[in-house]
Amino acid sequence: MKYPEYKQPLNYGQVGEDILAWWKEHGIFEKSVSSREGQPTFVFYEGPPSANGAPGIHHVMARTVKDIFCRYQTLLGKQVPRKGGWDTHGLPIELQVEKELGITKEDIGKKITVEEYNQRCRETVMRFKAQWDDLTEKMGYWVDLDDPYVTFEPEYIESCWALLKKLYDKGLLYKGYTIQPYSPAAGTGLSSHELNQPGTYRDVKDTTIVAEFEVKRDEKSEKLFVLADGLPVFITAWTTTPWTLPANTGLAVGKNIRYAVVRTFNPYTYEPQVLVLAKDLVRRYFLYLDIEGTGNEIGVGSGHLMIGAETSKHEVNGSVVETLNQEFRKALVGKDGKVLHWSVVGEFTGAELVGISYERLFGSEDGFPTFEGEERAFRVIPGDFVTTEDGTGIVHISPTFGADDFRVAQQNDIPALMVMDDQGKLSPIVDRTGRYVAQMGEFGSRWVKNYDGHDDTAADYRTLDVDISVRLKERSRAFKVEKYEHTYPHCWRTDKPVLYYPLDSWFIKTTAVKDRLIELNKTINWKPESTGSGRFGNWLENLVDWNLSRSRYWGTPLPIWRTQDGTEELCIGSIEQLKTEIDKAVAAEVMTHNPYANGEKVDLHRPYVDDIFLVSPSGLPMYRETDLIDVWFDSGAMPYAQWHYPIENGEKFQKNFPADFIAEGVDQTRGWFFTLHALAVMLEDSVAFKNVMANGLVLAKDGQKMSKRLGNAVDPFATIKQFGPDATRWYLIANAPPWDNLKFDPAGVTEVQRRFFGTLFNTYSFYALYANLDEFQTREFDRISQSDLSELDRWILSKLQSLIVEVRGHLDGYDPTKAARAIQDFVTDQLSNWYVRLSRRRFWKGELTADKRAAYETLQECLVVVAQLMSPIAPFFGEWLYKNMTAQASTSPPDPLSKKEGAPDMPQNLNFTAGSPLLGRGAGGEVAGTAPVASVHLTLLVEADTARIDAKLEERMELAQRISSLAHSLRKKSVLKVRQPLQRILVPVLNDSTKEQVGFVEDLICAEINVKHIEFLDDESGVLVKSVKPNFKRLGQQYGPRLKAVGARIQQMTAAEISKLEKEGSLAVEVDGQPITLAPDDVEIRTDDLPGWLVATDGPLTVALDVTLTDELRQEGLARELVNRLQNLRKDSGLEVQDKIRVTLADQQPELTAAVAAFGDYIRSETQALALTFAADVKGGSVLEFDDYSVPVHLEVATA
RNA sequence: GGGCUUGUAGCUCAGGUGGUUAGAGCGCUACACUGAUAAUGUAGAGGUCCGUGGUUCGAGUCCACGCAGGCCCA
């Protein structure tokens, strides 16, 4: 059987399709898992995609990453089960359905039943499943599509319930509140979706206050008081909702913002005070007056005193200065007749203010209620949302009425101001109708906004905001009160202002395990590392409890039933338990019958679970809490729920937990990565994954985000069809590390295809062509021994072993990009462009000698190993190459030496591990009862045979490559074509080892650049001119600041000095009048000039070319020309490579005749000419064009 | 606004622990080669290494502050 030969160009898309069909036919994916039965498991978790949209090219990226490492671990012999999954719940699906039906959330349960709605969601969510499955196959992503986990299935939901119950039993699931937009007039919370309706944000004029909070004098605040000269110190904060001030429990500053301490007077009471506010905002509240117009500014009065005053503005030194008209000067004079000067007396950063305590604004001594945790309240804390855009650069915090406030308060252990309501339940100071609770002292029962329909244009109408402002002014606690126009959200149904209000929510108490989350995160190998320590680490550091509640319909329902008063509750952990509880409820006549009594299929979705009522221990009915849970819980629960654990399959779960590896987009950091981690830590006190790759985005080639709207989205199907899956995958991986964003340019895929796959294909074709001609058979044993290989063979095999080490290292370290680039460089630069190019003659010359066999075996091994190494990244082409390389071999007679089962003996000189790549007999290829299947994906990856790595050999081959390159360059400069042989090149060498190294590869160099020999020039020759270059690294460490002078001195070294330094090992010189001693290591000696020769240099290497032409050289050049022309003629005439010819030349040119006389044998052997004769007259032939003349020629195929 | 991240040739990217002349591929130009040929070789053009300060004898590399793009969070 022969190696398959192909016409160019290869259709890579077709290769993908053919291999895919072959995989399917032989169940290769299944075998890649089943053949590893009993081996260690490599656990991989598939992050479930949602099939409600078409897959994009970025999915190919993410899945390529996943696939690479799963295939790689399989090659290492591990078993890698890959269960697929689908994420099926969540808001995007609901919104999609609502859009398609033309309804809103409000209509659910009215225009459409919940049952119908959810049915619609169920259908929608799998709409693109077929497309996804198709892409999965075509891109070569191996994942089990037949038995995926689906998050809407009852078993999956049941597992989620069981996990929730575990958390509940640990006390980690609790009911609390979050701050959400709320419409008191409508009595309902509003979603962000509703808030984004047009017209909800309107301009309104509200009373705003800059309030003053009096600082308590203690150790932390002493630094303020030392500046205050006995005056009270206040921190200022601005609010557009003064009604929230009585609920204030904290003040937030920006850590890096600078704050000024200002000595001034209260504008309403004229009491002297010291205020703190952001330095950048001082000018907003204090005027700089230039009374005399001199440009000398003095701070006078507080700004708002001048409201209505007539001032004129002009510029002084680039800043606007307001000048007060004379008659208003009096207004600035206080009661005691003094001018109200102000001045900045100090400055601090926000960080320096954190921890300072202050007095409550409306305290219990004034009739306001005390509250729990009060002793922890009224502190300055850092807030990441604080700016100096408006206000004072300090933000008033009321945890019950702001989402930021709530979060930052929780992080800093600031309590919320909550009071007991009639039923003994804790409640905020505003009730659900929008009015203060009765306990609020003088403001008790007041409406916070006009929710009761008062005529707010009436003269006696006073808002709560105004009354609070008045009270603060009286108490010298208001610095500035003014009407301010701003936009504020309004309820789209009632037109009344929205409040940010605490609404019930269920939480998982992730903060209880915060330290453990952080600790275990440090054991996870993140790629890139910064995502783990930065984005994820910071997120953990600022962790708040996980809000589970969603007021939605299509999702996993919260399995908690409660009595009306909330005093009794039950968390259900299984369908079995639910049935039991229903039976109890039926017995207590809370339900009429058990809907599941007769084994009916259980659907745990709404509305069915909402119709189940349970009975409490005290006999009261219990109703399900209507919330659904966050869909992220669904996906975070997949390590457990995919096996229906903990209901069953405990062993299976244990075996597959935690994951060795997961990979998703970096946008999942706070999504899936977090929920996996959080649940694993809380449930198992373990990480959920040991290695994780967060890949970046795939952008359009101009760096823009891909979007259908812009029309720059890349269609993955078209791409794969056009370029084939391998080039697509290779490009995605090799072009940039997966964690960087990738600019997807189809031209780049073309380049990969041409340069890498094209070169590799050419190399294979070359091999196949000649191996078939020679009927070369791969032999697993009795190969040419290492010592009989040529220098070049041993070199490329050494490089190959180095490549194995390198690729394994990169893949072990989860860096596929470096692996791909290493393979690419090996194939294009080393294998194709050096090994094959220099070995070409060995393949097509003569009989199948030992040397020729060595060349075949070497190239064969390289190609097979490359097929294996590339197969995780380019699974189809790797398979294609492997099959082509081994199909022929697998038909050879059984190897008599390999008698051990499953582990053929390897010849000693090759030292392959079991599952030799040479014959396609991977371990696992032998599935019981079937013939061996030669799939590269079933083999075991070769181990590098480090004994075959020869660093010296690799080094001297690099010398050969560089010397050849320099010689080519010199030929170019001298206009001497390579076909013209030259006598010698000159290479100066400064040490024997270089001389020896180059000597080994002299033949290669001579052949490559067509010279007769290399002449080494050493010191003995006396023609070397040495120059010297300072070794700055060494000198810098030694001489530091004097380096420049020393360097200059070294560059002036004379030949005598250089030689002295070399001979004596040191040289004393003088620099700036000071003696120093130079060592040989302080300088780099090179010979980059040969007087009288044209030289080329590359670093320390220098080459000169002897361009003298003798008659003999000329004749040989002519012979080569002739060979070349004849070869062209052969090719143009359509001759086969092995055809023999007879040649007749016109006897016209004496030079040519002389050349043929001298080199006839050479010409005949090169052109496979049986005869090469001259005739006076040549008819019916072609004409060979030489440089200076034309020669008629007749060529015929020799039949005998 | 905060966190993370990226910024090097026209394009895509390399540039351990600081070392003076910053590289590769593609593309472009010229020449050569012609039994791997839609390949290959040699040479050339092409750089304020995002900016500004700082540390240092020396900064693409370290530090600070910015600018621009991206992601996540607000």
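Keep in mind it's a predicted model, so treat the numbers as computed, not measured. All chains are named by letter (A, B, ...) in the order of the sequence lines, taking the proteins before the strands, and each is independently numbered beginning at 1.
Aromatic ring orientation, A:Tyr767 versus A:Tyr764: tilted (interplanar angle from 30° to 60°).
Put simply, the side chain of A:Glu1116 never gets that close to the backbone of A:Pro981: no donor and acceptor are under 3.5 Å apart. Proximity of a side-chain donor or acceptor of A:Lys279 to a complementary backbone N or O of A:Tyr259 within less than 3.5 Å is not detected. Side-chain N or O atoms of A:Tyr856 include one that pairs as donor or acceptor with a backbone N or O of A:Tyr770 at under 3.5 Å.
Between A:Arg837 atom CZ and B:A36 atom P the separation is 11 Å, expressed in whole Å. For the pair A:Met61 CE and B:C71 P, the computed distance is 15 Å after rounding to whole Å. Distance, A:Trp526 CH2 to B:G3 P: 19 Å, rounded to whole Å. Note: CG (A:Asn695) to C1' (B:C72) measures 14 Å, nearest angstrom. Across the protein-nucleic acid pair, A:Phe766 atom CZ and B:U40 atom C1' stand 14 Å apart, rounded to whole Å. As rounded to whole Å, 17 Å separates atom P of B:G3 from atom CG of A:Leu540.
Here A:Thr531 lies out of heavy-atom contact (under 4.0 Å) with every strand. Contact annotation for A:Asn1031: no contact, since no heavy-atom pair falls under 4.0 Å across all strands. Residue A:Asn542 is out of contact with every strand shown, counting any heavy-atom pair closer than 4.0 Å. Contact annotation for A:Thr669: no contact, since no heavy-atom pair falls under 4.0 Å across all strands. As judged by a 4.0 angstrom heavy-atom cut-off over every strand, A:Gly748 is placed among residues making no nucleic acid contact.
For B:A43, one of the phosphate oxygens OP1 or OP2 lies less than 4.0 angstrom from a side-chain nitrogen or oxygen of A:Ser969. Contact annotation: A:Ser530 side-chain N/O to B:U5 OP1/OP2 distance is under 4.0 Å.
B:U40 and B:G25 have their P atoms separated by 11 Å, with the value rounded to a whole Å. For the P atoms, the distance from B:G53 to B:U61 is 14 Å, rounded to whole Å. Distance check on atom P: B:G54 versus B:C72 gives 38 Å, rounded to whole Å. Nucleotides B:A64 and B:U21 place their C1' atoms 30 Å apart, quoted to the nearest Å. For the P atoms, the distance from B:G46 to B:U6 is 31 Å, rounded to whole Å. Here, B:G41 and B:G66 have their P atoms 48 Å apart, quoted to the whole Å. Between the C1' atoms of B:G10 and B:C4, the separation comes to 31 Å (whole Å). With P as the reference atom, B:G3 and B:C63 are 16 Å apart, rounded to whole Å.
Side-chain rings of A:Trp539 and A:Phe673 stay apart, their centers remaining 6.0 Å or farther from each other. For A:Tyr731 and A:Phe744, the ring centers are positioned less than 6.0 Å apart.
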Protein-proximity profile, nucleotides 21-30 of chain B, B/S/- by nucleotide at the 4.0 Å heavy-atom cutoff, equals ----SSS---

Protein heavy-atom contacts under 4.0 Å, written 5' to 3' over nucleotides 11-17 of chain B as B (base), S (sugar-phosphate only) or - (none), form the string -SSS--B

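Residue A:Asn1128 has its side chain nearest to B:G35 when only B:C73, B:G35, B:A74 are considered. Closest to the side chain of A:Asn833, out of B:U40, B:G35, B:C71, is B:U40. The side chain of A:Arg670 lies closest to B:C73, out of B:C73, B:G3, B:C71.
Searching all strands for a Watson-Crick or G-U wobble partner of B:A68 with both distances below 3.5 Å returns B:U6.
The base of B:A36 is paired with the side chain of A:Ser832 by a donor and an acceptor separated by under 3.5 Å.
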